[in-house]
Amino acid sequence: MDKPPVLEASFLFFKYGDETLLGGVNFKVMPGDFVAVTGSNGAGKSTLFRLILNELSPASGGIFLFGEDLKHFKGWPRIGYVQQANPAYTSSFPATVEEVVLSNLYSRIGLFRPVRKVHRKSVLGALRLVGMSQLKNRMISELSGGQLQRVMVARALVSGCELLLLDEPVTGIDAEAAESLYELLHKINRDGVTIFMVTHDIGRCAKYVSRVLCLEDGTIVELNREQLERELLNKHRHR
């Protein structure tokens, strides 16, 4: 029996006041996909993310996670989320790399219960996966932007997520660190994690992703290779 889409939007409408930002968005993300969503500023990429995370409610239509209506979805440990880097927040946050990753296991550990060896082993495994285990005792305020994003990916993965959501993951990090992060995400995807990523950096990530969706004029279209090449040349409207 075929598996349902990991993520699906069906005739998704969203309005800010009288302005229709999303006007009937439809797409499916299948198991194993690595999807990049692009679009101009104000096209609705961040709004789409907030709808997926159930922080906003659509005017009509629906979102489905693993075949289940978002309204009734309870399997949030299956979803990992990495938001845009916020150096102002992390520069004064008093936590080590290990503590930050461990924080995503608190729902499993239980309130006021001790951290057990198995939890620390899971954290170390996630940090090894992203190449950050040697810095587990470093304060996150001491990390570079690229290192911090790797820690946040580890934090998302430590719960065993099947779908990884990333919101502009390379914003504020240098070109070399961005390329390295995309290579890491490509490996994570090959290892079986489905990835859905919003990004302006389509030129650099295009060689790593399996699909590219473009938000434009309230709708979403999937770009084929020829359309993507025009997108990279900065030229485009899509039918």
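Numbers here simply count residues along the sequence, with the first being 1.
When every heavy atom of K45 is checked against every heavy atom of T38, the shortest pair comes out as CD-C, 3.7 Å. Annotation for L105 and S122: closest pair CD1-CB, 4.3 Å, computed over non-hydrogen atoms. Here the closest non-hydrogen pair linking V100 and A95 is CG2-CB, 4.0 Å. Across F49 and L166, no two heavy atoms sit closer than the pair CZ-O, 3.2 Å. Shortest non-hydrogen contact noted between M30 and R211 is N-NH1, 4.3 Å. A154 and V130 get closest at one heavy-atom pair: CB-CG2, 3.8 Å.
Here the CG atom belonging to L164 is positioned 6.5 Å from the CD1 atom belonging to I188, to the nearest 0.5 angstrom.
A continuous path of Ile, Leu, Val, Met, Phe, Trp and Tyr side chains, each step under 4.5 Å between heavy atoms, connects V153 with V209, placing both in one hydrophobic cluster. No continuous path of hydrophobic side-chain contacts links L184 to L165 [ILVMFWY only; heavy atoms under 4.5 Å].
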Audit row: V82, D167, side-chain contact (heavy atoms from CB on, under 4.5 Å) steps and yes/no: CA-CA 6 Å; V82 178; D167 185 8; over 6 Å; no
side-chain contact (heavy atoms from CB on, under 4.5 Å) assessment of R138 paired with M132: CA-CA 10 Å; R138 184 167 295 185; M132 291 293 292; over 6 Å; no
Derivation of the side-chain contact (heavy atoms from CB on, under 4.5 Å) call for I220 and C214: CA-CA 5 Å; I220 201 164; C214 183; 5.9 Å; no
Step-by-step side-chain contact (heavy atoms from CB on, under 4.5 Å) determination, E216 to V221: CA-CA 8 Å; E216 183 178 277; V221 294; 5.8 Å; no
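Annotation for Q134: atom CD counts as buried by contact number, over 12 foreign heavy atoms lying within 6.0 Å.
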Could you pull out every donor-acceptor pair under 3.5 Å between side chains of residues 189-199 and any protein atom, sequence neighbours left out?
unit_1: N189; atom_1: ND2; unit_2: G32; atom_2: O; d: 3.2
unit_1: N189; atom_1: ND2; unit_2: D33; atom_2: O; d: 3.1
unit_1: N189; atom_1: ND2; unit_2: V193; atom_2: O; d: 3.0
unit_1: R190; atom_1: NH1; unit_2: H186; atom_2: NE2; d: 3.4
unit_1: D191; atom_1: OD2; unit_2: K187; atom_2: NZ; d: 3.0
unit_1: T194; atom_1: OG1; unit_2: G32; atom_2: N; d: 2.8
unit_1: T199; atom_1: OG1; unit_2: D201; atom_2: N; d: 2.8

Only distances under 3.5 Å count here; give the side-chain donor-acceptor pairs of residues 59-81 to other protein atoms, sequence neighbours excluded, each with its distance to 0.1 Å.
unit_1: D69; atom_1: OD1; unit_2: K71; atom_2: N; d: 2.9
unit_1: R78; atom_1: NE; unit_2: E162; atom_2: OE2; d: 2.8
unit_1: R78; atom_1: NH2; unit_2: E162; atom_2: OE1; d: 3.1

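With sequence neighbours excluded, the residues that form a salt bridge (Lys or Arg N to Asp or Glu O under 4.0 Å) with E98 are R120.
Side-chain contact annotation: R155 with S103, donor-acceptor N/O pair under 3.5 Å present.
Between E99 and K136, none of the side-chain N atoms (NZ, or NE/NH1/NH2) sits under 4.0 Å from a carboxylate O, so this pair counts as no salt bridge.
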